[in-house]
Asks: 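Right, I'll just put the structure down here and ask away after.
In what follows, chains are A, B, ... by sequence order, proteins preceding strands, each numbered from 1.
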Amino acid sequence: MLPYPSGKLHMGHVRNYAIGDALARYMWMRGFNVLHPMGWDAFGLPAENAALKAGREPREWTLTNIAHMKAQMQRLGFAIDWNREIATCDPEYYRWNQWFFVKMFERGLAYRKEALLNWCPECGTVLANEQVVNGCCWRHETTPVEQRAMQQWFLKITDYAGELLDALNDLENGWPERVVAMQRNWIGRSEGAEVDFPATNSDEKIRVFTTRIDTIYGATALILAPEHPLVAQLITDDESRLRVKEMIDASARQDPGSVEKVGLFTGKHATHPFHGGQIPIWVGNFVLLGYGTGAIMAVPAHDERDFEFCRAYGIPVVAVIRPQDGELGDGATMAEPFLEYGIVENSGEWSGLPSAEARRKMSAYAKAQGFGEPSITYRIKDWGISRQRYWGTPIPIIYCPKCGAVPVPEQDLPVLLPQNVKITGKGRSPLEAVPEFMNVSCPQCGTAAKRESDTMDTFIDSSWYFYRYCDPHNNTAPFDSNVIAYWFPIDQYIGGITHAILHLIYSRFWTKVMRDLGLVSNNEPAKNLFTQGMVLMGGTAMSKSKGNVVDPDVMVARYGADTCRLYTLFAAPPEKDMDWNESSVDGQFRFLKRVYTFVTRNLDRAGEGDADAGRKALRKLHQTIRKVTNDFDSRWHFNTSIASLMELTNTLYQYEAGLSCVVAREVCTNLILMLAPFAPYTAQELWIASGNNGPVFRQPWPAIDPELAKEDLAEIPVQVNGKLRAHLQAPFGTPNEDLQSLALSLDKVKAFVDGKQIVKVIVVPDKLINLVVK
RNA sequence: GCCCGGGUGGCGAAAUCGGCAGACGCAAAGGACUUAAAAUCCUUUUUCGCGCAAGCGGAGUGCGGGUUCAAGUCCCGCCCCGGGCACCA
């Protein structure tokens with residue numbers, strides 16, 4: 001039933017959520033070796049900003065926050081393996097971040113280039129594509145990001161794009177469908193071809209990417225993105241230059257989906273590589289520099305956008321694909337493009353081929369002739385990791401005027417952040433202003449050189465911390481591969497949906513890089529992923545990075561940690577978003593008091609008791625064990641587990657007077673054990689109070705006795721024509737005919753059946769009777 | 001536009017494989033205990049109609065159809081809400 005191989009459970013990324021802790025405690029009671037550790041984020045920017053406001057050192061501030069979080073989690077009673085905790089702002093963690101960076105640099109997986117990057121004015125730093133949400137910074141939802149050209153370090157996640165996409169097929173079993181779908185969407189694979197169109201009277205070639213090379217005979221123009229490097233060469237007059245600049249500025253300002261298509265003829269032409277004719281070269285604002293080659297061939301007859309553009313600018317429309325059983329459209333008069341696959345026409349020797357075959361043969365031809373090749377393009381871009389922040393791991397690179405970018409040698413790692421840095425938030429790394437940090441000599445030639453002043457994205461930290469905490473004190477390697485081989489892949493990862501295309505892609509990438517470095521043998525970090533719902537506060541999601549998290553300390557002080565935990569588990573099933581509304585917290589407090597009262601006042605119970613009451617109490621007990629066990633083993637709907645514990649408690653109150661001392665002891669012991677994963681403090685106290693020793697969550701989980709759980713009689717609803725009319729009680733296994741006659745003997749049933757003809761009788765044994773009458 | 005979720009009482013929700021809709025809890029109302037309050041305990045609480053009452057009957061899971069003895073659950077067509085991607089060639 002459990003989706004884990006027996007014996008061990010590695011739970012990753014369990015934050016301050018009661019879900020993972022309840023599961024860990026339960027699995028301990030089932031005898032598993034559970035790794036239930038904790039990694040502490042540096043969570044740079046909020047700390048940096050807060051420190052700035054408070055006039056304190058960011059490092060000091062962050063360490064205080066980590067200490068506070070740790071204390072809070074201890075107050076809440078999380079059964080974390082504290083010996084394995086790590087903090088990602090630890091210098092030793094920096095060392096291994098930097099070590100990985102150098103390894104990647106040496107393999108060409110880390111590179112530096114100038115690019116247009118997303119700049120958040122509020123953060124004062126650039127962001128990766130994954131960190132831009134609706135055109136705004138993921139931390140500042142109302143601050144639009146700007147585009148800035150900057151020198152940046154990138155990690156080549158695109159080298160792994162194909163594998164990251166394909167491996168999603170294997171993750172589908174254990175990962176939520178929507179996360180898999182979001183990642184597929186984000187990686188965005190298109191299969192097609194790249195084709196060169198030589199510019200007429202020039203040495204330049206314009207390379208385009210297309211998924212529909214079968215339509216290439218219908219290409220009546222080339223369109224370049226306004227930012228395309230060739231545009232500057234093709235356009236010579238000032239007015240056109242101005243108009244191109246306007247296009248760039250307008251598209252940066254506006255919502256990309258709603259911008260009107262605008263174009264500009266360059267006055268130049270290119271040669272069509274298949275038929276040798278001349279086609280005009282245009283600049284179009286709807287062509288994206290960042291996708292494919294930044295240039296397209298316009299096939300208006302078979303593409304919606306090209307159609308719109310070409311009709312607006314009077315570029316000819318030439319149809320070259322006809323439907324399987326239809327006529328070729330007339331480009332001059334067609335009202336809309338024909339987008340589907342069909343049969344290629346008017347395309348020289350390829351005429352008559354179906355689209356799919358033409359795509360294969362034409363791209364093979366392009367390759368053979370040397371003017372193109374089959375190609376796969378991904379939507380995902382390389383991961384820009386430079387940040388102009390104080391907080392974060394310094395990028396271990398030294399710029400030497402002679403040797404260029406030189407990695408810091410391994411024995412000089414870690415490069416640590418200087419202390420006493422003035423944080424301005426003005427868009428340059430604060431480290432630049434610290435000469436002792438910046439000025440070094442080149443490790444290769446000794447010439448005076450400068451350090452890289454940017455720090456790494458803190459998503460680097462979270463990409464592999466769950467490896468490090470398996471072996472947190474290792475000072476000769478990031479971790480011992482043998483330890484990892486035991487614990488990995490993670491059996492159960494628990495995290496928020498907000499990281500579906502951030503952390504959960506980065507950490508998959510990082511795992512594959514470490515595998516290729518020979519450090520780990522698993523291909524994926526986590527087999528099973530559970531995404532718990534967001535906690536909302538008046539409609540907006542609470543998150544650590546936004547700093548709008550409710551501090552549980554107030555509730556803990558008033559009701560205690562157990563009530564607090566029960567409240568979060570009981571409010572809704574864990575995958576569902578939950579609005580933080582404390583009104584129902586009283587109910588959890590009452591429930592714990594009722595359990596406490598019941599157990600403590602029955603400790604010294606003596607006597608024989610009433611057999612019927614005892615049987616009913618034990619029956620409810622074993623039904624509850626079945627229910628709670630089932631919830632743990634399948635779907636973690638702890639709201640219903642807790643509801644069933646409440647039902648059990650209500651039943652015990654009902655039969656309390658009649659319980660014998662033996663039965664009272666039995667029900668109390670098992671109630672405490674079942675409460676332990678959810679309310680550990682209360683359970684532990686009651687465990688000791690009832691004369692036991694040791695940690696309650698190391699006790700074996702209660703076993704179900706199916707005989708005791710069984711009801712004496714089956715309660716069978718009787719329907720007439722599908723409407724409920726009566727109930728009857730009968731022993732389990734009563735034959736269908738007997739049930740039928742019992743049902744017909746009931747007065748309430750008679751009232752609806754008499755005078756009518758019984759057409760059909762449906763009997764579901766022990767479950768239901770339905771009489772169909774006419 | 002494309003891809004995921006979701007829509008059940010005043011509220012959070014339950015109904016796990018097509019078989020009694022509303023478990024459990026909150027809030028509310030009434031009662032017991034109390035000088036009083038808190039705490040605790042008990043009762044009522046989907047809705048409409050009939051009845052003094054125990055009760056009886058009808059309707060009801062976003063809307064409209066369908067399949068079935070039986071639909072919150074399955075199928076078809078819509079509406080609304082949330083999330084992701086979006087001029088991706």
Asks: Please classify the nucleic acid contact of R635(A) as base, sugar-phosphate, or nothing, using heavy-atom distances under 4.0 Å.
Replies: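 Since a base atom lies under 4.0 Å of R635(A), the category is base.
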Asks: Classify the nucleic acid contact of N639(A) as base, sugar-phosphate or nothing, counting any heavy atom under 4.0 Å across all strands shown.
Replies: sugar-phosphate
Asks: With a 4.0 Å cut-off on heavy atoms, is I501(A) in touch with a base, just the backbone sugar-phosphate, or nothing at all?
Replies: sugar-phosphate
Asks: Between rA89(B), rC24(B), rA14(B), which nucleotide has the shortest distance from any of its atoms to the side chain of T211(A)?
Replies: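 Among the listed nucleotides, the one closest to the side chain of T211(A) is rA89(B).
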Asks: Please identify each residue that fulfils salt bridge (Lys or Arg N to Asp or Glu O under 4.0 Å) with R184(A), with sequence neighbours left out.
Replies: E172(A)
Asks: Scan residues 755-766 of chain A against RNA chain B and write down, sorted by residue number, each residue with any heavy atom closer than 4.0 Å; if none is found, say none.
Replies: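 By residue number: K760(A), I762(A), V764(A).
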Asks: Side chains of N602(A) and E656(A): is there a donor and an acceptor less than 3.5 Å apart?
Replies: yes
Asks: Specify whether W383(A) and Y506(A) have parallel, tilted or perpendicular ring planes, treating 30° as the upper limit for parallel and 60° as the lower limit for perpendicular.
Replies: parallel
Asks: To the nearest Å, give me how far apart CZ (F591(A)) and P (rC41(B)) are.
Replies: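 In whole Å, rC41(B) P and F591(A) CZ are 13 Å from each other.
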Asks: Stem list for RNA chain B, please, built from Watson-Crick and G-U wobble pairs under 3.5 Å and keeping only runs of at least 3.
Replies: B:1-7 with B:79-85, B:10-12 with B:24-26, B:28-32 with B:40-44, B:46-50 with B:55-59, B:62-66 with B:74-78
Asks: Quickly work out the Y653(A) OH to rC24(B) C1' distance and round it to whole Å.
Replies: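 That distance rounds to 16 Å.
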Asks: Answer with base, sugar-phosphate or nothing: what part of the nucleic acid does V585(A) contact at a heavy-atom distance below 4.0 Å?
Replies: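 V585(A): no heavy atom of the nucleic acid under 4.0 Å.
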Asks: Should the pair Y291(A) and F209(A) be assigned to parallel (<30°), tilted (30 to 60°) or perpendicular (>60°) ring geometry?
Replies: perpendicular
Asks: Please tell me if the side chains of Y378(A) and L164(A) come closer than 4.5 Å, counting only heavy atoms from C-beta onward.
Replies: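 In short, these two side chains do not touch, never coming nearer than 4.5 Å.
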